[in-house]
Amino acid sequence: MPLRVDGAEITLAEAGRLALPELFAEWFAAQGWQPRRHQLELLGLASRGLSTLLIAPTGGGKTLAGFLPSLVELTEARDHDQNARVGPHTLYISPLKALAVDVARNLERPVSEMKLPITLETRTGDTSASKRARQRLKPPDILMTTPEQLALLLALPDASRLFKGLRAIVLDELHAIVASKRGVLLSLGLARLARLAPEARRVGLSATVADPDGLRAWLMPQTPEQPVLAELIMGDAGANANISILASQERVPWAGHSARYAMPEIYKAICEAKMTLVFVNTRSQAEMIFQDLWTINELNLPIALHHGSLDVSQRRKVEAAMASGQLRAVVCTSTLDLGIDWGEVDLVINVGAPKGASRLMQRIGRASHRLDDPSRALLVPANRFEVLECQAAQGAAAEGQQDSEPPVGGKLDVLAQHVLGSACGEPFDATVLFEEVRSAYPYRGLTRDNFDSVLSFVATGGYALKSYDRYAKLRQLPDGRWRLAHPKIGQQYRLNVGTIVEAAMLKVKLVSARGLGDRRLVGRGGKILGEVEEWFVEQLAPGDTFVFASQVLRFEGLDDLDALVTRAYKEDPKIPSYNGGKFPLSTYLAERVREILSKPDGWRSLPDQVRDWLGVQDYKSLVPTAAEMLVETFPRGARWYLVCYPFEGRLAHQTLGMLLTRRLERLRARPLGFVANEYALAVWGTRDLSLMISSGKLSLDFLFDEDMLGDDLDSWLAESNLMKRTFRTCAIIAGLIERRHPGKEKTGRQVTFSSDLIYDVLREHEPTHVLLRAAWDDAATGLLDIRRLGDMLKRVKGRLTYRALDAVSPLAVPVMLEIGRERIYGEAHEALFAEAAESLIDEAMQINSSVH
DNA sequence: GACCTGCTGCGGTATG
């Protein structure tokens with residue numbers, strides 16, 4: 001893209017000389033670099049005090065671009081009141097502590113090489129208390145920190161003094177942060193900064209996203225009238241990624257997610273590359289694949305493991321080994337999605353469903369540092385449906401389509417935390433705070449009513465909890481402003497700041513043991529290997545074995561918050577299981593999968609086995625077009641099954657399943673249970689569903705009508721454990737329940753217990769409590785995916801295609817195989833037989849049976 | 001005997 005100055009086209013080098021002070025231009029030249037276009041553009045906008053969103057792929061000097069204007073300003077003392085300034089000139093916010101440290105280290109080089117008169121420091125939870133205290137008195141020019149630390153800094157009594165001189169705020173990995181409650185908290189911090197330092201410009205650094213305007217608005221203080229957008233700079237796109245799908249010689253499984261069939265082929269790809277990242281979707285799968293690779297690792301390649309449940313020290317070791325080029329492969333989860341570029345990765349393997357085009361592109365981007373090198377990636381589908389999903393993702397990548405998550409909207413529990421934090425500094429005026437909060441993009445639509453109920457919750461606990469002293473956190477001064485009820489509450493706030501709420505975890509401690517049975521003596525001291533979720537350990541009996549931290553361990557017993565284990569040499573261990581989040585199949589990829597299905601001409605590019613599968617489906621039942629939804633009924637054993645294919649992801653299907661069974665119950669169809677996967681939903685019962693439909697007793701249009709969302713959702717949800725879990729998170733974030741208290745850590749069980757208790761009290765006495773509403777909002781957008789379900793029901797209205805079949809169809813096999821594998825709603829007490837896979841597949845693929 | 005799903009991230013301060 002040519003650059004123009006006063007109408008004349010100029011080269012980048014010339015532009016660099018124009019915009020960059022000589023000192024900087026020389027330094028660039030000494031590196032053998034030319035300033036990139038986006039770096040110069042950002043300099044230009046920053047010099048006019050404009051806030052900017054910079055979207056660029058990794059490896060393009062994006063971070064340096066973000067800091068360049070600050071370095072120049074600080075060097076040239078364009079900043080007039082520099083001597084008067086007490087606080088930092090530039091604030092850098094990263095979602096990862098390690099990234100803040102890494103960026104600081106990278107920035108120190110130009111600063112020291114050019115001998116710039118600039119101080120820069122990091123401040124995270126790892127920073128020593130003494131350094132933090134010193135930083136308050138004498139802050140650096142550039143402070144690099146996390147969203148949580150910003151909240152803490154803003155809660156200091158001298159926050160306004162500290163930030164008055166702030167000139168720039170750099171927000172790294174913005175696309176990732178806005179999609180979480182951490183981003184919501186950060187947006188409130190930014191709104192405060194906008195009041196303390198109205199002149200500070202913002203720089204957002206982001207990967208490519210689906211909707212840049214959403215991020216541009218997120219960056220800016222909003223006014224009620226119309227959205228205010230930051231400037232936008234698009235960095236040059238990198239070379240297109242070279243993505244292939246594993247063409248396996250093996251049989252691709254009908255269901256399951258292990259991808260074990262492909263292990264030799266994955267190993268071969270690792271052997272042929274210099275350095276490979278193997279991304280998987282879950283921690284337990286990372287453990288499993290790592291084990292499998294080791295057993296076939298004939299060449300003894302150095303292969304490592306990296307996921308979020310491993311101890312930090314273990315992870316740092318792997319990272320260091322990677323950076324110094326000692327490893328040939330790392331099996332990892334999304335821990336390595338973001339941040340630092342570790343080493344010279346030249347191949348990315350993604351095992352299992354990609355789930356989303358943007359997520360996949362982010363991962364693949366890890367495979368090239370240099371902009372002009374195409375990244376190489378290999379997708380390994382774990383089952384037949386995933387072949388379709390991989391192809392959808394491959395197509396999306398080729399077209400540069402994005403499906404990144406939009407910013408999370410204003411949450412009431414996060415607001416409650418912020419309101420409390422606001423009172424920690426100086427007393428605040430409610431109306432001033434309300435206006436400030438509304439200038440944060442996620443809260444632009446917040447009503448005064450909602451704000452007031454949050455404020456009253458923080459002040460008193462709300463109507464139902466008013467009589468308990470401990471929930472009264474604010475007092476009103478005679479002039480109407482609000483202050484903390486007690487200084488102790490400020491300390492409580494600081495200890496519990498942040499929006500990350502973890503499941504109850506136990507540390508896994510490797511100890512020594514002697515003897516057998518009752519005489520077994522187990523040591524108490526040992527090395528911490530990492531953490532597993534409490535509920536998993538609760539299922540273990542002493543003597544059980546499981547794989548963790550890439551070794552087989554024997555569970556010995558509990559010691560307070562530790563699970564004691566010893567080394568074991570048994571075969572068939574249990575795999576540790578974590579109850580983590582679930583990434584749903586993105587709507588965008590779902591659409592593409594439906595497109596692929598609906599165009600038989602394109603099936604040629606699919607592997608033979610997958611093509612045959614779809615071919616038989618087409619012959620025996622039907623392969624739906626992109627717009628319609630296929631519903632099939634068929635008998636099997638003593639039951640009748642109804643299978644539908646919305647392709648909307650497991651979460652939405654679970655909710656649909658729950659609602660459908662309730663509706664079928666009312667229609668006297670006697671449903672017994674349902675099971676869902678990412679693509680389909682199966683419901684079954686004892687009555688002849690085909691007959692009910694053909695005789696008009698059961699109308700599919702009625703069954704799938706959108707009004708079902710109003711049906712029983714509320715009553716069902718209120719009773720469910722899911723809602724209690726969600727409430728626990730909101731209650732912790734809002735400060736109703738403390739996770740940490742001076743002097744004592746709470747166990748997960750204690751927290752859960754008090755949370756359940758409060759939940760029941762509120763449900764009975766104050767069903768409209770802010771936190772119940774917050775929890776409902778989270779459940780609706782998260783675990784239940786109600787919006788998506790609603791959109792789907794709208795989409796398929798009047799477009800249901802129905803087939804009454806004699807027997808199971810090929811497309812139904814994967815979801816049918818899920819039966820017996822998981823706990824089934826509605827049929828908890830009935831013993832379920834798992835479907836015998838072979839007979840099910842034979843029946844589905846038989847083509848001489850009669851067809852309706 | 002084959003089969004097994006479910007991510008990541010942060011976190012205090014004043015005083016002795």
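Quantities reported herein were computed from a predicted structural model and do not represent experimental measurements. Side chains included, hydrogens not; waters and symmetry mates left out as well; all remaining heavy atoms used. The chains referred to below are lettered A, B, ... by the order of the sequence lines, with proteins before strands, and numbering in each begins at 1.
- Using a 4.0 Å heavy-atom distance criterion, Gly308(A) is classed as a sugar-phosphate-only contact.
- Listed pair Arg260(A) / dT5(B) fails the phosphate criterion, with no side-chain N or O lying under 4.0 Å from OP1 or OP2.
- You'll find the side chain of Leu681(A) stays beyond 4.5 Å of the side chain of Val815(A), heavy atoms only.
- Nucleotide dC10(B) holds its P atom 14 Å from the CG atom of Asp172(A), rounded to whole Å.
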Side-chain polar contacts of residues 143-155 of chain A - donor-acceptor pairs under 3.5 angstrom, sequence neighbours left out - could you list them?
residue: Thr145(A); atom: OG1; partner: Arg123(A); partner atom: O; Å: 2.7
residue: Thr146(A); atom: OG1; partner: Gln149(A); partner atom: N; Å: 3.2
residue: Glu148(A); atom: OE1; partner: Arg182(A); partner atom: NH2; Å: 2.9
residue: Glu148(A); atom: OE2; partner: Arg182(A); partner atom: NE; Å: 2.9
residue: Glu148(A); atom: OE2; partner: Arg182(A); partner atom: NH2; Å: 3.4
residue: Gln149(A); atom: OE1; partner: Arg123(A); partner atom: NE; Å: 3.2

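- Residue Arg359(A) has no polar side-chain atom (N or O) positioned under 4.0 Å from OP1 or OP2 of dC7(B).
- Using a 4.0 Å heavy-atom cutoff across all strands shown, Arg315(A) reaches sugar-phosphate atoms only and no base atom.
- Shown here are the side-chain hydrogen bond (donor to acceptor under 3.5 Å, both in side chains) partners of Asp778(A), two or more places apart in sequence or in another chain: Lys181(A), Lys411(A).
- Close to dC3(B), at under 4.0 Å from its OP1 or OP2, lies no side-chain N or O of Ser258(A).
- The side chain of Ser284(A) has dT5(B) as its nearest neighbour among dG11(B), dT5(B), dC7(B).
- Leu420(A) has its CG atom 18 Å from the P atom of dG11(B), to the nearest Å.
- With rounding to the nearest 0.5 angstrom, the CZ atom of Arg363(A) is 7.0 Å from the SG atom of Cys332(A).
- A salt bridge is absent between Lys355(A) and Glu389(A): the closest approach of a Lys/Arg side-chain nitrogen to an acidic carboxylate oxygen does not fall below 4.0 angstrom.
- Side-chain proximity of Glu386(A) to dT5(B), dG11(B), dC7(B): nearest is dT5(B).
- No N or O donor and acceptor, one from the side chain of Arg283(A) and one from the base of dG6(B), sit under 3.5 Å apart.
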Q) Hey, mind stepping through Arg134(A) and Glu121(A) against salt bridge (Lys or Arg N to Asp or Glu O under 4.0 Å) and telling me if it holds? A) CA-CA 11 Å; Arg134(A) 205 253 304 131; Glu121(A) 281 176 6; 3.1 Å; yes
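- Nucleotides of DNA chain B nearest to Leu153(A) and Gly498(A) differ in position, and the one nearer the 5' end is that of Gly498(A).
- When the side-chain nitrogen and oxygen atoms of Arg182(A) are compared with OP1 and OP2 of dG9(B), none of them lie within a distance under 4.0 Å.
- In this structure Asp403(A) satisfies the salt bridge (charged side-chain N to carboxylate O under 4.0 Å, His left out) test with no other residue, sequence neighbours excluded.
- The base of dC7(B) sits within donor-acceptor range of the side chain of Ser334(A), with an N or O pair under 3.5 Å.
- In this view, Arg483(A) satisfies the side-chain hydrogen bond (donor to acceptor under 3.5 Å, both in side chains) rule with no residue, not counting sequence neighbours.
- When the P atom of dC7(B) is taken as reference, atom CD of Gln362(A) falls 18 Å away, rounded to whole Å.
- Not counting sequence neighbours, Glu265(A) has no partner by the salt bridge (charged side-chain N to carboxylate O under 4.0 Å, His left out) test.
- Put simply, CD on Glu502(A) is 10 Å from C1' on dT8(B), counting in whole angstrom units.
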Just the table, please: protein N/O against nucleotides 14-16 of chain B N/O, every pair under 3.5 Å.
residue: dA14(B); atom: OP1; partner: Arg136(A); partner atom: NH1; Å: 2.6

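- Residue Gln149(A) places at least one side-chain N or O under 4.0 Å from the OP1 or OP2 atom of dG11(B).
- For Leu96(A) and Asp337(A), each mapped to the nucleotide of DNA chain B holding its nearest heavy atom, the one lying further toward the 5' end belongs to Asp337(A).
- One can place CD of Glu173(A) at 12 Å from P of dG9(B), the figure rounded to the nearest angstrom.
- Contact annotation for Thr499(A): no contact, since no heavy-atom pair falls under 4.0 Å across all strands.
- Residue Arg132(A) places at least one side-chain N or O closer than 4.0 Å to OP1 or OP2 of dT13(B).
- Taking atom CH2 of Trp254(A) as the reference point, atom C1' of dA2(B) lies 17 Å away to the nearest angstrom.
- Here Ile500(A) lies in heavy-atom contact (under 4.0 Å) with a base.
- Distance Glu148(A) CD to dG9(B) P: 12 Å, rounded to the nearest Å.
- Separating the CG atom of Leu310(A) from the P atom of dT8(B) is a distance of 9 Å, rounded to the nearest angstrom.
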